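Worksheet: one structure, shown below.
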There are 2 protein chains.
Amino acid sequence: MSRRYHHGDLAATLVDEGVALVAEVGVAGFSVAELARRAGVSTAAPYRHFGDRDRLLAAVATRVARELAACLEDTPGEDPAARLAAATGTYVAFVTRCGVGIEIVYAPALRRLGDEDLAHAGRAAMDVLIGLAREVRPSADAALLLVEQLVALAHGYASLGATGLTAERITDEDAPTRATRAARALIGAAPEAPLVVG
Amino acid sequence: MSRRYHHGDLAATLVDEGVALVAEVGVAGFSVAELARRAGVSTAAPYRHFGDRDRLLAAVATRVARELAACLEDTPGEDPAARLAAATGTYVAFVTRCGVGIEIVYAPALRRLGDEDLAHAGRAAMDVLIGLAREVRPSADAALLLVEQLVALAHGYASLGATGLTAERITDEDAPTRATRAARALIGAAPEAPLVVG
DNA sequence: GTCTATATAAGGATAGAC
DNA sequence: GTCTATCCTTATATAGAC
């Protein structure tokens, strides 16, 4: 029996393994060579399916964004405010687990590609949060501002939790729980009217 | 007149240029080779002053942490709460300008070195924020929790501002201003009692 | 579609000359 | 203390065989 591997769909395998690779080494550590190694093919093989490194990474990013949107959508909660706070925690948990968040969609190298699928997936993920925010903030502008604040908060907790600023920690809660707590405070705070761009 | 450059203190020059290099290409883009090039010396020269790449980066990180502490200390404001909110904005402005924030102190590669100066500089920077927080939160635990939340928020705004999630932006304010606004909301929110680690 | 082999480039690090 | 020269590793990407 041959040790040779027949890939029915190497492209799909590469995206699957790519998500796992990013989860392990982060976006910075992503490399076509390492990905090929894990998929059990030569370093040249991926280039038959994706023109270059960035297009392959964009495909991985699209998959990640879709999984993120699905996670956010599944977040439970008793009322809209609770769901939104919990979704912030879900976001942190997702980034902790997957090594990357929504910022991959806006990575300069990938933006340059103008990938439609990627842009759409990124927008879909944000739309989940915006939908929840609209239920706790009357105006559309206030809802967007709140989402911006919560995403910043979540992104920060995800980064700090990973690198370990938590040497300063004062509780035994994990990063997602602490992010949820902070989100609750922010959601509960009285909204200031944002300036609308003229 | 000789084109030859005599460095009275190459070590100091390397740290100076290292800060500028990190500001330009980020921590990920930091390289001894590029730094040597900018200092006008061979790629071997830095290794006479710093054992390896990480020790050189640690020296740069220490300098960055000290500059950050100085920036935070200089933040003006009418009262403690206003100063703390403004300091959050200052942090975002610093990271935008210097390409890195307090997380460099906790980078795994550098933590492994156990560099005393670096650890001290990092703690000093955080102590500025903790000092301000203690003026707006009665308990030490609540103050630490608030600092954690504000640093997460600042870190998130700095990252998103850089990568451009601001495609979603609804105001014409810059990232530091928006971070200050969010910080104000968080500081104004009623503190929840944090769990103390047993 | 996949492989082998190769061109090209960058970086970390060391040995030994000066 | 600094340079030149070199080695080793890693990665992107392509050409041509199978």
Side-chain angles (χ1 to χ4, degrees), chain A residues 1-18 20-22 24-61 99-100 104 107-110 112-113 115, chain B residues 1-61 99-100 104 107-110 112-113 115:
Chain A
M1 137 179 159
S2 171
R3 215 80 182 60
R4 218 75 163 56
Y5 207 96
H6 283 177
H7 289 289
D9 193 348
L10 179 57
T13 301
L14 289 171
V15 174
D16 289 347
E17 290 287 330
L21 178 59
V22 167
E24 202 170 309
V25 300
V27 184
F30 177 86
S31 95
V32 178
E34 175 60 22
L35 186 48
R37 229 167 277 137
R38 292 180 179 216
V41 296
S42 75
T43 63
Y47 292 95
R48 290 289 136 186
H49 298 270
F50 302 91
D52 58 23
R53 188 201 116 109
D54 286 346
R55 284 186 198 276
L56 176 41
L57 183 54
V60 171
V100 68
I104 195 177
L110 301 190
R112 250 174 279 141
L113 300 178
D115 186 313
Chain B
M1 137 179 160
S2 169
R3 216 79 182 58
R4 218 77 162 60
Y5 208 96
H6 283 174
H7 288 290
D9 193 349
L10 178 57
T13 301
L14 288 171
V15 174
D16 289 347
E17 290 288 329
V19 173
L21 178 59
V22 166
E24 203 170 307
V25 301
V27 185
F30 178 85
S31 94
V32 177
E34 174 61 21
L35 186 48
R37 230 167 276 135
R38 291 179 182 219
V41 296
S42 75
T43 62
Y47 292 94
R48 290 291 136 186
H49 299 271
F50 302 91
D52 58 23
R53 187 202 116 111
D54 285 347
R55 284 187 198 276
L56 178 41
L57 183 54
V60 172
V100 68
I104 194 177
L110 300 190
R112 250 175 278 142
L113 300 178
D115 186 313

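Treat the numbers as computed from the prediction; the structure is a model and nothing was measured. A, B, ... follow the sequence lines: proteins, then strands. Residue 1 opens every chain. In what follows, every heavy atom counts, from backbone to side chain, and hydrogens, waters and symmetry copies are set aside.
Separating the CZ atom of A:F50 from the P atom of D:dA13 is a distance of 14 Å, rounded to the nearest angstrom. In this structure, A:D52 atom CG and C:dA9 atom C1' are separated by 17 Å, rounded to whole Å. To the nearest angstrom, C1' of C:dA10 lies 14 Å from CG of B:L21. Put simply, CZ on A:R48 is 15 Å from P on C:dT4, counting in whole angstrom units. Rounded to whole angstrom, the span from the CD atom of B:E34 across to the C1' atom of C:dG12 amounts to 15 Å. To the nearest angstrom, C1' of D:dT2 lies 14 Å from CG of B:D9. When the C1' atom of C:dA13 is taken as reference, atom NE2 of B:H49 falls 16 Å away, rounded to whole Å. Atom CZ in A:R38 sits roughly 14 Å away from atom P in D:dT10 (whole-Å rounding).
B:L21 contributes atom CG, which lies 4.5 Å from atom CZ of B:R38 (distance to the nearest 0.5 angstrom). Considering CD1 of A:I104 and CG of A:L110, their distance stands at 6.0 Å, rounded to 0.5 Å. A:L10 CG to A:D16 CG: the interatomic distance, rounded to the nearest 0.5 Å, is 10.5 Å.
Closest approach to the B:V41 side chain among D:dC3, C:dT2, D:dA13 is made by D:dC3 (side chain taken as heavy atoms from C-beta onward). Here the nucleotide nearest the side chain of B:A45, chosen from C:dA5, D:dT2, D:dA5, is D:dT2. Set against D:dT12, D:dG1, C:dT2, the side chain of A:Y47 has D:dT12 as its closest nucleotide. The side chain of A:A33 lies closest to D:dT12 when the candidates are D:dT12, C:dT2, D:dA5.
Between the side chain of A:R55 and the backbone N or O of A:L113 there is no donor-acceptor pair closer than 3.5 Å.
Between A:D54 and B:A11, the residue anchored closer to the 5' end of DNA chain D is B:A11, taking for each the nucleotide with the nearest heavy atom.
Here A:A44 lies in heavy-atom contact (under 4.0 Å) with a base.
Side-chain nitrogen and oxygen atoms of B:R37 include at least one within less than 4.0 Å of the OP1 or OP2 phosphate oxygen of C:dG11. Distances shown here put a side-chain N or O of B:S31 below 4.0 Å from the OP1 or OP2 atom of C:dG11. OP1 or OP2 of C:dG12 has at least one side-chain nitrogen or oxygen of B:R53 nearer than 4.0 Å.
The closest side-chain heavy-atom distance from A:L35 to A:P46 is not below 4.5 Å.
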